[in-house]
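Step one of this worksheet: look at the structure below.
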Amino acid sequence: LDLVEPERVFAEERLLVDSIAKSIRAEGGVRLPEDGQKVVVLIGPTGVGKTTTLAKIAAGFLQQGRRVAFVTADTYRLAAVDQLQKYADIMGLCLETVYSPEEMARAIGRHSDKEMVFVDTAGRSQRDPGQMEEVQAFVAACQPAEVHLLLSATTKREDLEEILERFSICAIDRLILTKVDESTCFGPLYSVVRKSPIPFSYITTGQNVPEDIEEATSEKIAKLICRGTLGCATDDALSSTEFTLSGVEGLRTGVGDQDA
């Protein structure tokens, strides 16, 4: 590619971000109920960061002085309950562990005095019909609830599409993009946002609780997609170019811009 003026690069990139942002739905994070109680359920495949993300979201409400409880059905992963128990102990919260959908419904009922109940579920394979039915049963036992599906930024396009399709049996309300700090290529995410009307709620950017999470916006996700797509697709071809769309984007966002 020929060298181009930085001003033109910024203008073209701004147009691209704006265009992609129009196709992305983002409605921000979890909100307090107007009255009564809200149950928030996190679901997703293994290794996407459900337990850590749950603790991050809950910590935000604790900082507001809200009444919060944890319930976990993640009894399959080694030390999963211990991990959430440590978070609960630090935050001074009650944690209930359940082994069946029936126990889930009763556990939530025991916390009717809480404004927010956060439910952690076991990571399950989208390719296992039995495991998908199990997740569906646990989610059904939590209703009425707000269901968030976690998608890792490190997942390839075909798997993202499959995860979204298979987990949709749970009537997903929101999407959470995790592990943004572990990837440099976000182009595959564009396939998801084009095909799915489900809005994003959060982006997570690390392991620190509660710091490494932020509410999603259409512009933030569009910036990720543009930076990742342009950077990954053209690294070799642009290695000697002084000013490029991806290069200037890196200068602009790599230091001071924490949106992504």
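All of these numbers come straight from a predicted model, not from anything done at the bench.
Within the 3.5 Å criterion, the main-chain N or O of Lys179 finds a donor-acceptor partner in the side chain of Thr204. Side chain of Thr205 to backbone of Asp181: no donor-acceptor contact under 3.5 angstrom is found. One N or O on the side chain of Thr155 and one on the backbone of Ser152 form a donor-acceptor pair closer than 3.5 Å. Side-chain N or O atoms of Ser196 include none that pairs as donor or acceptor with a backbone N or O of Val192 at under 3.5 Å. Side chain of Glu96 to backbone of Ala69: no donor-acceptor contact under 3.5 angstrom is found. With hydrogens and angles disregarded, a donor-acceptor distance shorter than 3.5 Å links the side chain of Gln136 to the backbone of Ile169. Side-chain N or O atoms of Ser168 include one that pairs as donor or acceptor with a backbone N or O of Leu164 at under 3.5 Å.
One distance of note links CD of Gln143 with SG of Cys170; it measures 9.5 Å at 0.5 Å rounding. Separating the CZ atom in Arg124 from the CD1 atom in Ile163 is a distance of 14.5 Å, to the nearest 0.5 Å. The distance from atom NZ of Lys223 to atom CZ of Phe186, rounded to the nearest 0.5 Å, is 13.5 Å. With rounding to the nearest 0.5 Å, the separation of CG in Leu32 from CZ in Arg66 is 4.5 Å. Rounding to the nearest 0.5 Å gives a distance of 15.0 Å between OH of Tyr190 and CG of Leu160. Between the OG1 atom of Thr121 and the CG atom of Leu150 there is a distance of 8.5 Å, given to the nearest 0.5 Å.
Contact of the Ile225 side chain with the Ile24 side chain is registered, since non-hydrogen atoms from C-beta on lie closer than 4.5 Å. Residues Leu54 and Phe70 meet the side-chain proximity criterion, which asks for heavy atoms closer than 4.5 Å. Looking only at side-chain heavy atoms (C-beta outward), Gln63 and Pro210 come within less than 4.5 Å of each other. Inter-residue side-chain proximity for Asp74 and Leu84 is flagged as unmet; no heavy-atom pair is nearer than 4.5 Å. Contact of the Met116 side chain with the Val30 side chain is registered, since non-hydrogen atoms from C-beta on lie closer than 4.5 Å. Side-chain contact between Val71 and Val39: absent, with no pair of heavy atoms (C-beta onward) separated by less than 4.5 Å.
When hydrophobic clusters are built by joining Ile, Leu, Val, Met, Phe, Trp and Tyr residues whose side-chain heavy atoms come closer than 4.5 Å, directly or via intermediates, Val119 is not grouped with Val48. Val98 and Val81 fall into different hydrophobic clusters, where Ile, Leu, Val, Met, Phe, Trp and Tyr side chains are chained together by heavy-atom contacts under 4.5 Å. Ile213 and Phe200 are not part of a single hydrophobic cluster, where members link through side-chain heavy atoms under 4.5 Å apart. Under the 4.5 Å side-chain heavy-atom criterion for grouping Ile, Leu, Val, Met, Phe, Trp and Tyr, Val41 is not connected to Leu93 through any hydrophobic cluster. Each of Val147 and Ile176 belongs to its own hydrophobic cluster when Ile, Leu, Val, Met, Phe, Trp and Tyr are linked at side-chain heavy-atom distances under 4.5 angstrom.
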Next on the checklist: I'd like to know whether Phe167 forms a side chain to side chain contact (heavy atoms under 4.5 Å, CB included) with Ile172, so could you lay out the CA-CA distance, the side-chain angles of the two residues, the decisive distance to 0.1 Å, and finally the verdict.
Outcome noted: CA-CA 8 Å; Phe167 275 90; Ile172 303 161; 4.1 Å; yes
Stepwise salt bridge (charged side-chain N to carboxylate O under 4.0 Å, His left out) test for Glu214 and Lys56: CA-CA 10 Å; Glu214 54 191 87; Lys56 292 173 183 176; over 6 Å; no
- request: Would you sort out whether Ile43 and Phe138 count as a side chain to side chain contact (heavy atoms under 4.5 Å, CB included), showing the intermediate values?
  value: CA-CA 10 Å; Ile43 62 173; Phe138 273 104; over 6 Å; no
- Task: Test Arg127 against Asp159 for side chain to side chain contact (heavy atoms under 4.5 Å, CB included), laying out the working first.
- Result: CA-CA 10 Å; Arg127 296 189 172 183; Asp159 292 338; 3.9 Å; yes
Checking Asp18 against Lys22 for the salt bridge (charged side-chain N to carboxylate O under 4.0 Å, His left out) test, could you report, in this order, the C-alpha distance in whole Å, the side-chain angles of both residues, the deciding distance, and whether it holds? CA-CA 6 Å; Asp18 289 345; Lys22 290 177 182 178; over 6 Å; no
Val209/Met91 under side chain to side chain contact (heavy atoms under 4.5 Å, CB included): CA gap, chis, key distance, verdict
CA-CA 11 Å; Val209 177; Met91 298 179 192; 4.3 Å; yes
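Heavy atoms only, all atoms of each residue included: Arg67 and Asp113 are closest at NE-O, 2.7 Å. Closest of all the heavy-atom pairs between Ile20 and Ala222 is CG2-CB, 4.0 Å. Annotation for Thr46 and Gly123: closest pair CG2-O, 3.3 Å, computed over non-hydrogen atoms. The shortest non-hydrogen separation linking Met132 to Arg166 is SD-O, 3.9 Å. The shortest heavy-atom contact between Ala122 and Lys50 is C-CE, 4.0 Å. Minimum interatomic distance between Cys226 and Val17 (heavy atoms only, all atoms of both residues): SG-CG2, 3.7 Å.
Judged purely by distance below 3.5 Å, without hydrogens or angles, the side chains of Gln131 and Tyr76 never pair a donor atom with an acceptor atom.
A salt bridge does not link Glu161 with Lys156: none of the charged nitrogens is closer than 4.0 Å to a carboxylate oxygen. The existence of a salt bridge linking Arg31 and Glu215 is confirmed by a sub-4.0 Å separation between a basic side-chain nitrogen and an acidic carboxylate oxygen. A salt bridge does not link Arg106 to Glu102: none of the charged side-chain nitrogens sits closer than 4.0 Å to a carboxylate oxygen. A salt bridge is absent between Asp82 and Lys86; no separation between the charged side-chain nitrogens and carboxylate oxygens falls under 4.0 Å.
Aromatic ring orientation, Phe61 versus Phe118: tilted (interplanar angle from 30° to 60°).
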